[in-house]
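For reference, the structure discussed in these notes is given below.
Below, all heavy atoms of this structure are taken into account, side chains as well, without hydrogens, waters or symmetry copies. Keep in mind the model is a prediction, meaning the values are calculated, not measured.
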Amino acid sequence: LWPWLLASSGLSALVQLVTLPFFPDSPSYLLIQKGNEEACRKAIRKLWGEGDHQAEIDDIMKEKGAMASTKTLRVLEVIKERSLRWQLYITMTVMTTLQLCGINAIYFYSFEVFHTAKFEEYLIPYVSLGIGLCECLSSILCSTLIDRFGRKVLLWCGYTLMCSVLALLTMTLSLQHRFFWMHYFSVILIFLFVVFYGSGP
């Protein structure tokens, strides 16, 4: 079954490959990069329907003017530029915490946790698949929450809840040999961690 599950990811790529020629180019790309205003208007009408879209075109023109007056910096120039120092620190912090938050360890050791929880051998791959499904659904949920609460709130809440879950998971894994129900609590915590990861960071 696993080879079929891995191959199924190619199905979405195939759908994109077939449907991509029918999608219009980005209006901003056509106007800013190509300088083709007529093609831009045509793409806007295709995307948003008929009507007066001059305001959108004016916004794109303003963006083009802003880009023309902005100097493109190389990587070393970005690092040396003092005015960009805080933005660089924030980006590096977010990316580092994203890599070190523990999601890879959760995925790596989840099979062992499920095995210790006395799940049948043939059920474990499906439970693991459920973890991936949880992350997918929570990512979709995040796209609706981010407009309402903002990125900062989701980051703070996500990382706080993930830290709490990891602390509880450490405790349940340490006590799993004393209490039989700790195995199932560990499984629930793994699912919660993945949900908080998908809807936060």
Side-chain angles (χ1 to χ4, degrees), residues 1-17 75 78-79 81 83-201:
L1 185 62
W2 278 110
W4 288 103
L5 288 173
L6 288 172
S8 65
S9 61
L11 183 63
S12 60
L14 182 63
V15 170
Q16 289 179 17
L17 188 65
V75 175
V78 171
I79 294 171
E81 182 64 44
S83 62
L84 300 175
R85 198 67 52 82
W86 275 111
Q87 293 91 321
L88 188 63
Y89 288 156
I90 291 168
T91 303
M92 288 174 62
T93 302
V94 170
M95 291 297 104
T96 304
T97 52
L98 192 61
Q99 291 299 316
L100 301 176
C101 68
I103 189 67
N104 293 326
I106 289 290
Y107 277 122
F108 186 79
Y109 289 109
S110 61
F111 185 88
E112 186 179 333
V113 173
F114 297 150
H115 193 269
T116 310
K118 303 295 189 295
F119 277 96
E120 296 289 340
E121 199 73 33
Y122 71 94
L123 286 176
I124 292 177
Y126 295 103
V127 180
S128 300
L129 189 63
I131 290 178
L133 187 61
C134 274
E135 184 176 353
C136 181
L137 293 174
S138 58
S139 298
I140 295 170
L141 176 66
C142 177
S143 63
T144 59
L145 292 176
I146 197 166
D147 292 330
R148 186 170 181 182
F149 299 107
R151 184 74 175 152
K152 186 189 279 188
V153 173
L154 288 184
L155 280 171
W156 275 109
C157 292
Y159 281 125
T160 303
L161 292 168
M162 285 163 62
C163 285
S164 303
V165 168
L166 284 177
L168 287 171
L169 187 59
T170 303
M171 187 176 66
T172 57
L173 290 175
S174 301
L175 298 174
Q176 64 183 356
H177 299 296
R178 295 188 183 183
F179 307 100
F180 74 92
W181 49 269
M182 281 291 181
H183 303 300
Y184 305 106
F185 196 37
S186 298
V187 173
I188 293 169
L189 289 173
I190 286 174
F191 274 90
L192 284 175
F193 183 88
V194 171
V195 168
F196 296 146
Y197 172 80
S199 58

Output side-chain donor-acceptor pairs under 3.5 Å for residues 157-169, partner residues at least two apart or in another chain, one line each.
unit_1 : atom_1 : unit_2 : atom_2 : d
Tyr159 : OH     : Thr97  : OG1    : 3.0
Tyr159 : OH     : Leu98  : N      : 3.3
Thr160 : OG1    : Trp156 : O      : 2.6
Ser164 : OG     : Thr160 : O      : 2.9

_Counting C-beta onward and ignoring hydrogens, is there a side-chain heavy-atom pair between Leu141 and Leu137 closer than 4.5 Å?_
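Answer no - side chains too far apart.
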_Validation row: Val127, Phe111 side chains within 4.5 angstrom (heavy atoms)_ = no
*Please state whether the rings of Phe114 and Phe191 are parallel, tilted or perpendicular, taking 30° and 60° as the class boundaries.*
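Rings of Phe114 and Phe191: tilted, 30 to 60°.
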Partners meeting side chain to side chain donor-acceptor pair (under 3.5 Å) with [X] (sequence neighbours left out):
X      : result
Thr172 : Ser186
Ser8   : none
Gln87  : none

*Under the ring-ring contact (aromatic ring centres under 6.0 Å, His included) rule, collect the residues that match up with Tyr89, sequence neighbours excluded.*
Trp86
*Phe179: ring-ring contact (aromatic ring centres under 6.0 Å, His included) partners, not counting sequence neighbours*: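 Here the qualifying residues are Trp181.
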Could you grab the distance from atom [atom1] of [X] to atom [atom2] of [Y], nearest 0.5 Å is fine?
X      : Y      : atom1 : atom2 : answer
Leu155 : Lys152 : CG    : NZ    : 10.0 Å
Leu175 : His183 : CG    : NE2   : 11.0 Å
Ser138 : Leu192 : OG    : CG    : 11.0 Å
Thr170 : Leu189 : OG1   : CG    : 9.5 Å
Leu145 : Ile140 : CG    : CD1   : 12.0 Å
Ile131 : Cys136 : CD1   : SG    : 14.0 Å

Between [X] and [Y], what is the shortest heavy-atom contact and its length?
X      : Y      : answer
Phe193 : Cys101 : CZ-O, 3.5 Å
Ser143 : Ile146 : O-CG2, 3.6 Å
Cys142 : Gly198 : CB-O, 3.6 Å

*Would you find more than 12 non-hydrogen atoms of other residues, nucleotides or ligands less than 6.0 Å from Tyr107 atom OH?*
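Yes - once you tally the heavy atoms of other residues, nucleotides and ligands closer than 6.0 Å, there are more than 12.
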*asked:* Does Glu112 have more than 12 heavy atoms from other residues, nucleotides or ligands lying within 6.0 Å of its CD?
replied: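 No, because the 6.0 Å sphere around CD of Glu112 holds 12 heavy atoms or fewer from other groups.
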